[in-house]
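Values reported hereafter were calculated over all heavy atoms of this structure, with side chains retained and with hydrogens, waters and symmetry mates removed. Being a predicted model, the structure only gives us computed values, none of them experimental.
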Amino acid sequence: MKKWAFTTVAAGALVFALAACNSGSKKEESTGETKQVLKVIESAELPTMDISQATDVVSFSAISQVMEGLYEFADDSTSAPAIATEVVSPTNDGKTYTFKLREDAKWSNGDPVTANDFVYSWKRTVDPKTGSEYAYLFDGFENYQAISKGEKPAADLGVKAVDDYTLEINLEYPIPYLSSLLAKPTFYPLNEKFVEEKGKDYGTNSDNMIYNGAFILADWDGTSITWNYVKNDKYRDADNVKLDEVNVQVSKEIGTNVNLFKAGETDVAPIKGEYVDQEKENPELVTRIYPSTSYLQYNTENKVFANKNARNAITKLINSDQIAKNILKDGSMAIEAFVPKGINNQETGKDFAEEAGALMKTDIEGGKKLWEEAKKELGVDSAAITLLTSDTDSAKKLSEYVQGLLTENLSGLKVTISSVPFKNRLDQMSKGDFDVVLAGWAATYADPYDFLQLFRTGGEQNYGKFSNEEFDKLLKESATTYATENEKRWDTLLDAQKVLMDNSPVTPLYQASEAFLVNDRVEGLVYRAIGAPYYKNVSVK
């Protein structure tokens, strides 16, 4: 989600914006017809609508409402056909996929969605000039590595339009989780003519967008804290879309969310912390536990965190169970390594986290000892670091806990908290402008590789610049040498995680859950383990 964080604006503005609105159906004065309107609260501002630039859960959620790709996620998080007529099996020893496309899919300007729209979109994303952080998802496609290094043009990517409605993918080696990848917004198509006309303005506001999904985006200027999804009459399955409109409002104050929900001013409100405990008997409370990890990520180019003992010292201080039960109190779970529970082996059904076991255990005295060793190695008696975090209630609470824990137990360490808006935190992370950052990752596809690849040397999202030859070797072997040998591939990923945890480029904090208050008039809203809910399946009684 993919990237997510403790996100979410001023209560006064929110109350003013929604005070005159009623949830559910509303009657149009001009026609007298009743409209189906869903009102939801989003946790943060919308950073971008460009699928090649999106990296966060808010952007992916919005894109999922107004666009669609070859596949979509079914309720059980498996892949289901969308623009592709079926979920296909590969040929050529798992290296070639051929898709037949629906001929009734159209863009909101009336253009047909064709195979070339996928070819253009994917080649645009992998082109180094685009600067997409998610370009690495195409690793394994023919020529991707050479393209990423500038050795070949993006035009050589292993994808082609056989004809208007036949798309072919060619891989260098099998990708076991490709079907899950293809349901992700990064793999959605783009209308080449429209995108090229808009240039750098594409995806920056709702006027510079074109859509092929159930809704079109309206009233978003690129920075606004409100926007709307309006039914797209040109959508291929428009007759089965019940909602006429979805009104979205950003709120970062959980208390405000609860009050708006209780007052009937919104249908869906995210809640956290003690509010979840307070609402545990409320039948309108919906809790989603999904494969995700909240963590501290260290900038290994920082003098302090270039030191392995300094990183490991902090990891030993963390009591994940205490964070989940006493700090958050929102249904989140303790975590024992970086890859969370909920990622199962496709052949054996075994959970990766359970097989890995406890790779981190609280050891306060051990942490203190490692810190003293780190100071000797660094040649210092004291150090000062800044903890970067998003400006939400839960993030502030957790960062203050970490600040207190570190300053209390690590002699001579001063910790300052920098709390900034979600979009700013993402920007600072991507630039490597941090000492240590409170961040998180939710599964974008159901495989442990999704989590571990974050720390490969030179990776687009390896913001802390961690590098370890043994880790890189194991990760590469899992993706290439053992791509078709399930047991060896799985064991190699388990070994890679052990190397990762031994070096602590990150400190896992907990496995997150999400909680929502959902009006009982809302039907068909499904929170899957992977991906955002699709509002196209929702109706309001």
Side-chain angles (χ1 to χ4, degrees), residues 2-3 136 139 177 291-302 304-318 320 333-345 350-363 366-367 370 374 429 432 434-482 488-512:
K2 179 4 173 171
K3 194 182 307 173
Y136 72 86
D139 198 1
Y177 46 83
S292 64
T293 303
S294 172
Y295 54 87
L296 297 173
Q297 182 169 17
Y298 306 105
N299 187 341
T300 60
E301 293 186 341
N302 172 279
V304 175
F305 294 126
N307 185 282
K308 174 181 172 180
N309 282 328
R311 302 192 302 265
N312 275 320
I314 296 176
T315 298
K316 284 188 175 295
L317 297 182
I318 295 300
S320 181
M333 302 188 301
I335 197 166
E336 296 179 324
F338 188 70
V339 178
K341 292 181 179 178
I343 302 292
N344 297 330
N345 189 308
K350 293 181 179 179
D351 188 286
F352 187 87
E354 292 180 359
E355 284 200 75
L359 299 184
M360 56 180 283
K361 296 181 180 180
T362 306
D363 181 1
L370 284 177
M429 279 182 65
F434 65 93
D435 298 333
V436 56
V437 60
L438 179 60
W441 188 264
T444 54
Y445 52 93
D447 194 273
Y449 188 88
D450 179 36
F451 286 82
L452 298 175
Q453 58 79 31
L454 294 172
F455 307 102
R456 59 193 172 87
T457 301
E460 294 86 343
Q461 292 174 315
N462 184 359
Y463 304 125
K465 308 300 182 186
F466 172 70
S467 181
N468 181 281
E469 290 185 7
E470 183 182 4
F471 177 78
D472 290 342
K473 176 178 177 291
L474 290 166
L475 206 60
K476 185 175 181 179
E477 287 178 346
S478 75
T480 56
T481 308
Y482 305 127
K488 287 185 177 181
R489 177 178 180 273
W490 197 255
D491 288 343
T492 302
L493 289 170
L494 286 167
D495 289 341
Q497 182 176 232
K498 289 178 183 177
V499 174
L500 183 77
M501 294 301 298
D502 181 59
N503 286 272
S504 286
V506 291
T507 295
L509 299 177
Y510 64 94
Q511 179 166 347

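The CG atom of Leu474 lies 9.0 Å from the CG atom of Asn468; values are rounded to the nearest 0.5 Å. One finds the CG atom of Leu454 at 8.0 Å from the CG atom of Asn462 (value rounded to the nearest 0.5 Å). How far CD of Glu355 is from CG of Asn344: 9.5 Å, rounded to the nearest 0.5 Å. Note that the CD atom of Glu336 and the NZ atom of Lys341 stand 6.5 Å from one another [nearest 0.5 Å]. Between the CD atom in Glu469 and the CG atom in Asp472 there is a gap of 8.0 Å [rounded to 0.5 Å].
In this structure, the side chains of Tyr177 and Asp450 stay at 4.5 Å or more apart for every pair of heavy atoms. In this structure, the side chains of Gln497 and Pro448 stay at 4.5 Å or more apart for every pair of heavy atoms. Side-chain contact between Leu296 and Leu438: present, with at least one pair of heavy atoms (C-beta onward) separated by less than 4.5 Å. The shortest distance between side-chain heavy atoms of Leu493 and Asp447 falls below 4.5 Å. Annotation: side chain of Ser320 is in contact with side chain of Tyr510 (closest heavy-atom distance under 4.5 Å).
The two atoms that bring Gly366 and Asp363 nearest to each other are N-OD1, 2.9 Å, heavy atoms only. Residues Thr457 and Ser467 come closest through the heavy atom pair OG1-OG, 2.8 Å. Between Thr315 and Thr507, the shortest heavy-atom contact is OG1-OG1, 2.6 Å. Between Tyr449 and Ala479, the closest heavy-atom pair is CE1-CB, 4.0 Å. Residue Thr293 comes nearest to Phe451 through the heavy atom pair OG1-CE2, 3.9 Å, listed as atom of the first residue, atom of the second, then distance. Gly432 approaches Asn299 most closely through the heavy-atom pair O-ND2, 3.0 Å.
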Could you pull out every donor-acceptor pair under 3.5 Å between side chains of residues 304-313 and any protein atom, sequence neighbours left out?
{"from": "Asn307", "atom 1": "OD1", "to": "Asn309", "atom 2": "N", "distance (Å)": "2.9"}
{"from": "Asn307", "atom 1": "OD1", "to": "Ala310", "atom 2": "N", "distance (Å)": "3.0"}
{"from": "Asn307", "atom 1": "ND2", "to": "Glu377", "atom 2": "OE1", "distance (Å)": "2.8"}
{"from": "Lys308", "atom 1": "NZ", "to": "Asp502", "atom 2": "OD2", "distance (Å)": "3.1"}
{"from": "Asn309", "atom 1": "ND2", "to": "Glu377", "atom 2": "OE1", "distance (Å)": "3.2"}
{"from": "Asn309", "atom 1": "ND2", "to": "Glu377", "atom 2": "OE2", "distance (Å)": "3.1"}
{"from": "Arg311", "atom 1": "NE", "to": "Asn503", "atom 2": "O", "distance (Å)": "3.0"}
{"from": "Arg311", "atom 1": "NE", "to": "Ser504", "atom 2": "O", "distance (Å)": "3.1"}
{"from": "Arg311", "atom 1": "NH1", "to": "Phe305", "atom 2": "O", "distance (Å)": "2.8"}
{"from": "Arg311", "atom 1": "NH2", "to": "Asn503", "atom 2": "O", "distance (Å)": "2.9"}
{"from": "Asn312", "atom 1": "OD1", "to": "Ser504", "atom 2": "OG", "distance (Å)": "2.6"}
{"from": "Asn312", "atom 1": "ND2", "to": "Asp502", "atom 2": "O", "distance (Å)": "3.1"}

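With sequence neighbours left out, the salt bridge (charged side-chain N to carboxylate O under 4.0 Å, His left out) criterion links Glu460 to Arg456. With sequence neighbours excluded, the residues forming a salt bridge (charged side-chain N to carboxylate O under 4.0 Å, His left out) with Lys473 are Glu477, listed by chain and number.
Ring-plane geometry between Phe455 and Phe338 is classed as perpendicular, the angle between the planes exceeding 60 degrees on a 0 to 90 degree scale with a lower cut at 30.
Side-chain polar atoms of Tyr463 and Gln297 form no donor-acceptor pair below 3.5 angstrom. For the residue pair Gln461 / Trp441, no side-chain donor-acceptor distance below 3.5 Å is found, with atom types taken as modelled.
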* To do: For Tyr482 and Asp491, run side-chain contact (heavy atoms from CB on, under 4.5 Å): C-alpha distance rounded to whole Å, both residues' side-chain angles, the deciding distance at 0.1 Å, then the answer.
  => CA-CA 10 Å; Tyr482 305 127; Asp491 288 343; over 6 Å; no
* Check the pair Trp490, Phe352 against side-chain contact (heavy atoms from CB on, under 4.5 Å), reporting the backbone distance first and the verdict last. => CA-CA 8 Å; Trp490 197 255; Phe352 187 87; 3.5 Å; yes
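Evaluated for a side-chain contact (heavy atoms from CB on, under 4.5 Å) with Ile335, the options Pro340, Ser292, Ser294 yield exactly one hit, Pro340.
Looking at Thr300, its side chain does come within 3.5 Å of a backbone N or O of Gly464 through a donor-acceptor pair.
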